[in-house]
Amino acid sequence: MHRYFFLLAAASLAFASTAAAQLRGVKADVTSVAEADGARAGSDARVALQVTLPEGFHVQSNKPRDPNLIPTALTIDAPAGVTVAEIAFPPTVETRLAGVAEPLAVFERSFTIGVRLKVASTVPAGDIRIPARLRYQACNDTTCFAPTTADVEWPLHVVSAGTAVSVTHQDVFSRIAFGRGGAAPAVIATAPGAPVGAAGAPDADAIARLSGFTQAGETAGGYMSSTEFLRWLHNAENGVKERGLFEGRGPLAILLIVFLGGLALNLTPCVLPMIPINLAIIGAGSQAGSRGRGFLLGGAYGAAMAVVYGVLGVIVILTAGTFGTINASPWFNLGIFALFVALSLAMFDVITIDFSRFAGSLKVAESSRGTFVVAFVMGAVAALLAGACVAPVVIQVVLFSSNLYAKGNAAALALPFLLGVGMAIPWPIAGAGLAALPKPGAWMVRVKQVFGVVILATALYYGYEAYGLFANRFVDATEVASSVDEKVKAGWHRSLADGLDVAAREGKPVLIDMWATWCKNCLTMDKTTLTDRDVEAALGGYVRVKFRAEDPDQEPARSVMRRFDAVGLPAYVILRPKS
């Protein structure tokens with residue numbers, strides 16, 4: 001059965017590794033090419049982007065029939081002396097998206113975008129770079145994912161007007177229909193030095209206005225029933241902060257909780273029975289020769305456990321990104337759900353996960369027994385074998401540490417190590433030969449059952465989150481946009497800047513509702529919770545703003561969401577004007 005556990009754990013890690021891609025959308029392979037090996041000053045130069053999506057995906061065209069869909073747009077930051085003369089998008093094909101009546105005009109899985117540049121005669125010979133951004137929204141036959149931006153650049157070697165250049169990618173440019181439609185309206189050529197992507201951001205100036213407001217309460221996210229929304233609103237208005245196990249506690253309390261949690265991990269059935277076995281293997285305990293040497297051998301063994309959990313925790317935190325990025329992936333939540341179900345079943349003896357026999361099969365020569373290197377290596381191995389029982393606690397600590405680290409607290413990197421320190425404390429004591437450690441017995445059955453209930457409850461939570469995130473993908477963008485239009489007609493503000501101006505002028509609090517056309521829960525909240533009579537009455541004195549955060553990686557959505565620690569959509573924030 002341990003083989004199934006390892007397969008399950010490996011699948012969970014694979015799901016977690018794709019969390020960032022799930023939040024930011026489907027990534028395309030975007031390659032920049034130039035038609036020739038040089039660009040002559042005073043003439044045209046042709047360059048192109050070759051875009052390839054994963055199998056089964058396409059992107060919206062640069063002129064979608066539905067104005068609520070995200071067009072494929074190219075933003076070029078042309079340097080001095082270089083201007084964009086023409087953009088040539090490929091022909092579109094028609095496809096149908098489940099739930100959408102009209103066919104969509106899209107670009108196929110693999111396509112090429114051509115660009116014709118005018119290089120002024122004043123441009124000196126030498127190498128120049130032309131940066132650009134391609135923004136697109138990938139879809140398959142059932143789902144449109146979050147918009148994505150790819151940063152690319154064309155390196156051009158400018159030569160004098162009389163210098164010959166040779167064609168290097170004739171096959172690519174033979175397929176591009178230059179001169180048949182002119183520049184596409186979705187193309188933006190910015191002035192030298194201008195921030196790429198800043199054009200067309202109607203709420204960009206609202207970022208500065210936010211300094212005149214203070215946030216009331218915490219940022220709320222996801223679907224909330226009317227009761228939950230009203231409770232959140234009441235807590236924000238009255239300064240009440242709901243506390244979890246870690247949230248709202250001081251640093252010393254957090255350190256103590258993590259340390260005691262690590263200490264308690266030694267009582268799990270994957271760890272406690274291994275203590276006498278591993279002490280015999282490394283030569284500690286009664287075989288150490290003296291209590292002092294046994295203490296040091298046990299300390300080396302425990303130190304390895306702390307190092308393993310500390311290093312693994314830091315790697316996960318630094319590579320997996322923020323808690324919001326991880327938690328926003330339905331695959332990650334589904335993987336954790338499956339893992340925790342298996343662990344809970346093991347706690348109730350429905351399946352058997354017993355790693356203690358592996359420790360007994362590890363042979364150490366008598367000449368090596370009692371050495372600190374062996375003790376350290378065995379401690380590292382034991383830490384990995386004990387993962388069957390300690391995984392839920394370790395995962396929770398790592399996720400909390402990721403959240404703290406994302407908020408700028410570098411000390412959060414030490415929390416997984418501190419968890420390992422707590423787990424390591426009994427080992428030097430046991431190595432010294434002291435007998436004050438608890439003995440395995442019938443009482444451990446109750447301990448296992450308690451762990452099983454807690455782990456199963458955690459599994460159900462992650463399962464529910466995975467279900468909600470998967471369901472949130474199947475949404476009609478037109479319906480979401482129409483719902484927002486209805487809210488605007490009912491008195492909501494579409495512009496964040498306008499809403500903040502009204503709130504500052506009238507001295508009213510502000511409710512910011514962050515939404516996107518690909519967010520199903522945004523639509524659900526509009527149709528249920530935000531139409532509830534009690535909720536509408538409670539929001540009667542608020543200036544209400546519908547802030548479109550279509551691409552969380554682009555401005556101004558990125559700055560607004562980061563400012564309020566919004567980790568997904570929908571997200572809700574309450575602001576009060578500073579007096």
Side-chain angles (χ1 to χ4, degrees), residues 18 21-31 48-75 87-115 132-150 152 172-178 180-187 329-331 469-485 515-523 548 550-554 569:
T18 63
Q22 295 296 335
L23 179 66
R24 298 192 177 102
V26 177
K27 299 293 184 182
D29 181 17
V30 182
T31 305
L49 291 181
Q50 293 181 295
V51 184
T52 303
L53 290 150
E55 189 69 37
F57 286 91
H58 54 262
V59 300
Q60 304 296 337
S61 72
N62 59 312
K63 299 176 182 178
R65 296 190 181 99
D66 188 339
N68 295 309
L69 296 177
I70 306 302
T72 298
L74 184 61
T75 303
I87 305 294
F89 283 93
T92 61
V93 297
E94 289 192 347
T95 189
R96 290 188 177 274
L97 186 67
V100 179
E102 296 296 325
L104 304 178
V106 302
F107 297 138
E108 293 181 293
R109 172 178 175 258
S110 181
F111 61 94
T112 304
I113 303 173
V115 179
R133 277 186 161 188
L134 179 67
R135 187 168 184 258
Y136 59 91
Q137 183 177 24
C139 305
N140 55 26
D141 292 338
T142 60
T143 309
C144 282
F145 293 79
T148 305
T149 299
V152 294
V172 174
F173 288 84
S174 64
R175 302 191 301 266
I176 301 174
F178 283 106
R180 296 187 184 178
V187 178
S329 167
W331 296 108
L469 289 168
F470 275 120
N472 195 41
R473 292 182 168 190
F474 299 93
V475 58
D476 183 350
T478 304
E479 190 176 358
V480 179
S482 298
S483 175
V484 173
D485 290 339
W515 67 282
T517 57
W518 46 265
C519 169
K520 184 174 183 179
N521 277 339
C522 299
L523 176 63
R548 185 172 182 176
E550 196 69 31
D551 187 348
D553 286 333
Q554 292 297 303
L569 298 178

Applying side chain to side chain contact (heavy atoms under 4.5 Å, CB included), run through T52 and R109 and close with a yes or a no.
CA-CA 6 Å; T52 303; R109 172 178 175 258; 4.2 Å; yes

Between V106 and V93, is the side chain to side chain contact (heavy atoms under 4.5 Å, CB included) condition met? List the steps.
CA-CA 5 Å; V106 302; V93 297; 3.7 Å; yes

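Within the 4.5 Å cutoff, the side chain of W515 has no heavy atoms near those of the L569 side chain. With contacts defined as side-chain heavy-atom distances shorter than 4.5 Å, the pair T517/R548 qualifies. I87 places none of its side-chain heavy atoms less than 4.5 Å from the side chain of N62.
Of all heavy-atom pairs spanning A88 and F178, the tightest one is CB-CD2, 4.0 Å. Between T149 and R135, the shortest heavy-atom distance links the atoms OG1-CG, 3.8 Å. C522 and A516 get closest at one heavy-atom pair: SG-N, 3.9 Å.
For P54, the side-chain contact (heavy atoms from CB on, under 4.5 Å) partners are V26, F57, not counting sequence neighbours. Considering only residues two or more places apart in sequence or on other chains, F107 meets the ring-ring contact (aromatic ring centres under 6.0 Å, His included) condition with F89, F111. Residues satisfying the side-chain contact (heavy atoms from CB on, under 4.5 Å) test with V30, not counting sequence neighbours, are A28, L49, V51, L134, A150, V152. Qualifying side-chain contact (heavy atoms from CB on, under 4.5 Å) partners for T112, counting only residues two or more places apart in sequence or in other chains: A48, Q50, V172, R175, I176.
The line from OH of Y136 to NE2 of H58 is 13.5 Å long, rounded to the nearest 0.5 Å. Once rounded to the nearest 0.5 Å, the distance linking CD of Q60 with OG1 of T95 reads 9.5 Å.
One N or O on the side chain of S61 and one on the backbone of A105 form a donor-acceptor pair closer than 3.5 Å.
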